[in-house]
Every structure is written in structure tokens, then in C-alpha cells.
Amino acid sequence: MKIKFILVTVLCVLYFASCGKSLPDGELVIENSKNFKIRVNGRTREGTFYIPLTYDETRSYSLVFALHGASHTGAEFQKTTLFDPMAEEHDVIMIYPDGIGRRWDSAEDTAFFDSMIKAFSKKYTVDPSRIYLAGFSAGAIKAYELAAVLPGRFAAIAPVAGAMRADADRAALAPTAVLHIHGKRDEEVPFVGLPEWKLLSAPESVELWKGVNGAMGEGEEFFRSRTAIGLAWEGQGHTVAQIFDDDCAHYWPPYASELILDFFYNNPARPGRLVIRRDGLPLTCAIGTVIPLRADITQSESTSPVEEVTWYTNGSQAA
């Protein structure tokens, strides 16, 4: 029976191809291990994707959409972000969709993401409470827009070098975890906002979501580099965080991918978490230098206490 099912599936795809007919709306076609097509409102949309090599259908995986900037493609963004190697460790299925005309300003985009969520969740074992959006530039602006027009659909978003639209329907916004990363030297999507595009400033975008999530206070530092500081606020179970970089222009920072997947992995919160303490770590060091590593451990009362932490480097246990 299994062989017959596979043959029927292949014949159906060949039928549509040979007759010049389109696949039905919402039908997901995996062309190979890297590319997909899906029919949305009569238009074929495309993109690339990555499934962990250790994928196990008996376990639930997070679904992360990574949105490219204007004039680029999902495949190009896939190479830029280097999310895929980290996806193995975080149990993440990565999706890199293509915007129409390499842009994210189509009225069809909302239906596109709605269809992709349904189709990939049907084909793979996806945890519906762990669906995420990350984006750069125009992709970051679209991530904010999708969080607004599909309230509650995404557990967290991570816009990089983008901003919230000033004319968004704020009354319709639902609590969502947000990590906003922005360089203060950005001239394409300025840190201070872009009124002619109706874009808020980076601080205003963060403050808006702090209000939505009920997050208050001064914020807790969770990241620091030579030029950047990350602060986080908690509210109603949804974190709002920012990383503002004094020296970063309009590009994807080298630390962004790791911090974004870590942020997604821990929102919603998990029973336990181990975080490397970055304070005291040198920015550079010579080969052979011994670097003491420390970690902060947080866990719920219902889980067994952590008794030992083992460190690994390049797949091997560290001394």
C-alpha cells in the first residue's frame, strides 16, 4: 500500500505538470530538499527551507520564518543568516520565503504566510505555540506588520534594521514577544524613524510593544559587546527586548542569528534554561588561552535541579 500511495502522489503531480494546470490553492509542493512552492489565491509563491537532519516526526518542532530584505531572495538570506546549523540544536524548521518582486509590499503576503503555516504544520510536526518571525530591513517591517494583522499567531518576532508602522491598528495587537535589533548608524531604515514611510523610531517600536505586553521598569541587561547593549523587559509572560548598536549600519550583525534563535527558543518560557555569562569574556584572545566559562541556570520548581553542566566545543567535550 505504501508503494501505491507514492505512485499515486507522483502521478498526480505529473498530471498537473503535463496538462499545464496549477496545483490547488494551499497545496505545498516540495521540489527537492531545499525548495518549495505553494499556491496562494491563484498565484504560485516560492521559497527555500531547512529541515534538521535529526528530524523525528514523533517530536514537536518550532517553525521559524526568516524574511529577506528588499532586492534579495530567501535563498540569499539563508546564506547570510547561517541559521541552519543552529536550527539542528534548537529543533527548528527554517523557512525562507520569497517576496513578490523581491519585496514585501504585496496585499497577498498575509494569505501567503497563513497558507505556509497551515501547509508546513500539516506536513511536519510543528508546535503551534512556537511559530516565529525574523526579518531584515523590509523583512523586519513585514514581520511587524504580520504580528499586527495575524495577532496571536506568532509566539515571538525578531525585526532587525526595521521598525513598526506608525499607522498600525494598535487596538488589534495581541501580546507577542519581541526582540528588536537596530544599528544607530543605519541610514536606510534610520534608528530615529522615517516619517515619510510612516515608520516609528527603534525606541518607539520597542515602547509600543512594551505597552502591548504590559512590560515596565528599567530593563535587565542580557547582552553586551564593545558597541551594543541588550535590555529585556517582562510582561504578561511575553518578553520585549532590544539590542541597540552604536556602531552598526544597515546590515545583519554577526551576533544576531544566535541571539534570535535563543530568544525564540525561550519564548514561551521553558521549564529550564542555561545561559552563558558573557560578562568577563574577552573580545579577542590568543590560541591556547584558557577562558573560564560560567553560566546562569533558571528552572521551574517542578523540574529536578541541575547537578552538572558539561561544556562542548566543536562537537567534543571541553576540558
Side-chain angles (χ1 to χ4, degrees), residues 62-67 104-105 107 109-111 113-114 117 127-184 186 189-195 197-223 228-245 256 259-270 273:
S62 301
L63 189 63
V64 174
F65 293 94
L67 283 58
W104 290 114
D105 54 6
D109 287 336
T110 302
F113 280 86
D114 185 58
I117 292 172
D127 184 344
S129 68
R130 294 189 179 276
I131 299 176
Y132 306 96
L133 281 170
F136 173 71
S137 190
I141 296 170
K142 175 57 69 172
Y144 268 134
E145 290 181 355
L146 289 169
V149 298
L150 295 173
R153 183 68 64 88
F154 304 100
I157 63 172
V160 178
M164 188 76 182
R165 291 186 60 86
D167 56 358
D169 184 3
R170 304 188 184 194
L173 299 179
T176 304
V178 175
L179 170 59
H180 185 119
I181 302 176
H182 217 123
K184 294 184 179 180
D186 193 329
V189 183
F191 182 82
V192 296
L194 200 59
W197 288 6
K198 298 182 180 180
L199 294 180
L200 298 175
S201 69
E204 288 172 335
S205 299
V206 173
E207 286 298 320
L208 186 155
W209 282 97
K210 284 171 63 179
V212 172
N213 291 353
M216 298 182 294
E218 297 183 357
E220 180 179 351
E221 183 177 316
F222 70 94
F223 173 78
I229 296 177
L231 298 175
W233 296 262
E234 299 295 334
Q236 301 181 23
H238 298 86
T239 305
V240 179
Q242 67 182 38
I243 298 177
F244 294 161
D245 196 319
L259 292 177
I260 287 172
L261 282 193
D262 180 73
F263 185 79
F264 287 169
Y265 187 82
N266 290 288
N267 284 279
R270 296 178 184 268
R273 182 185 185 190

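Keep in mind that what you see is a predicted model, and the values were worked out from it rather than measured.
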Asks: Would you find more than 12 non-hydrogen atoms of other residues, nucleotides or ligands less than 6.0 Å from E221 atom CD?
Replies: yes
Asks: With side chain to side chain contact (heavy atoms under 4.5 Å, CB included) as the criterion, how do K142 and E145 come out once you've worked through the C-alpha distance, each side chain's angles and the decisive distance to 0.1 Å?
Replies: CA-CA 5 Å; K142 175 57 69 172; E145 290 181 355; 3.2 Å; yes
Asks: Nearest 0.5 Å, please: how far is CD1 in I141 from CG in L199?
Replies: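 Result: 4.5 Å between the selected atoms.
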Asks: Is any side-chain heavy atom of Y132 less than 4.5 Å from a side-chain heavy atom of S62?
Replies: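 Contact flag for Y132/S62 side chains = yes.
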Asks: Test side chain to side chain contact (heavy atoms under 4.5 Å, CB included) on F244 and L231; report intermediate values, then the result.
Replies: CA-CA 9 Å; F244 294 161; L231 298 175; over 6 Å; no
Asks: Tell me, please, which residues at least two apart from F154 pass ring pair (Phe, Tyr, Trp, His ring centres under 6.0 Å).
Replies: none
Asks: With a 4.5 Å cut-off on side-chain heavy atoms, are W104 and D109 touching?
Replies: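 Result yes, sub-4.5 Å side-chain heavy-atom pair found.
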Asks: Could you give the distance from CZ (R153) to CG (D114), rounded to the nearest 0.5 Å?
Replies: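 Output value for this atom pair is 4.5 Å.
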Asks: Can I get a per-line list of side-chain donor-acceptor pairs under 3.5 Å for residues 159-167, giving both atom names and the distance, sequence neighbours left out?
Replies:
from : atom 1 : to   : atom 2 : distance (Å)
R165 : NE     : D167 : OD1    : 3.1
R165 : NH2    : D167 : OD2    : 3.1

Asks: With a 4.5 Å limit on heavy-atom distance, are the side chains of F65 and I131 in contact?
Replies: yes
Asks: Using modelled atom types and a 3.5 Å cut-off, is there a donor and acceptor pairing between side-chain atoms of H182 and backbone atoms of V189?
Replies: yes
Asks: Using a 4.5 Å cut-off on heavy atoms from C-beta on, say whether the side chain of F263 contacts that of I243.
Replies: no
Asks: Show your working on side chain to side chain contact (heavy atoms under 4.5 Å, CB included) between D262 and F223 and close with a plain yes or no.
Replies: CA-CA 12 Å; D262 180 73; F223 173 78; over 6 Å; no
Asks: For Q236, does the CD atom sit with more than 12 other heavy atoms under 6.0 Å from it, leaving out its own atoms?
Replies: yes
Asks: What's the spacing between Q242 CD and L179 CG if we round to 0.5 Å?
Replies: 9.5 Å
Asks: Does the side chain to side chain contact (heavy atoms under 4.5 Å, CB included) test come out yes or no for W209 and V212, once each step is laid out?
Replies: CA-CA 5 Å; W209 282 97; V212 172; 4.0 Å; yes
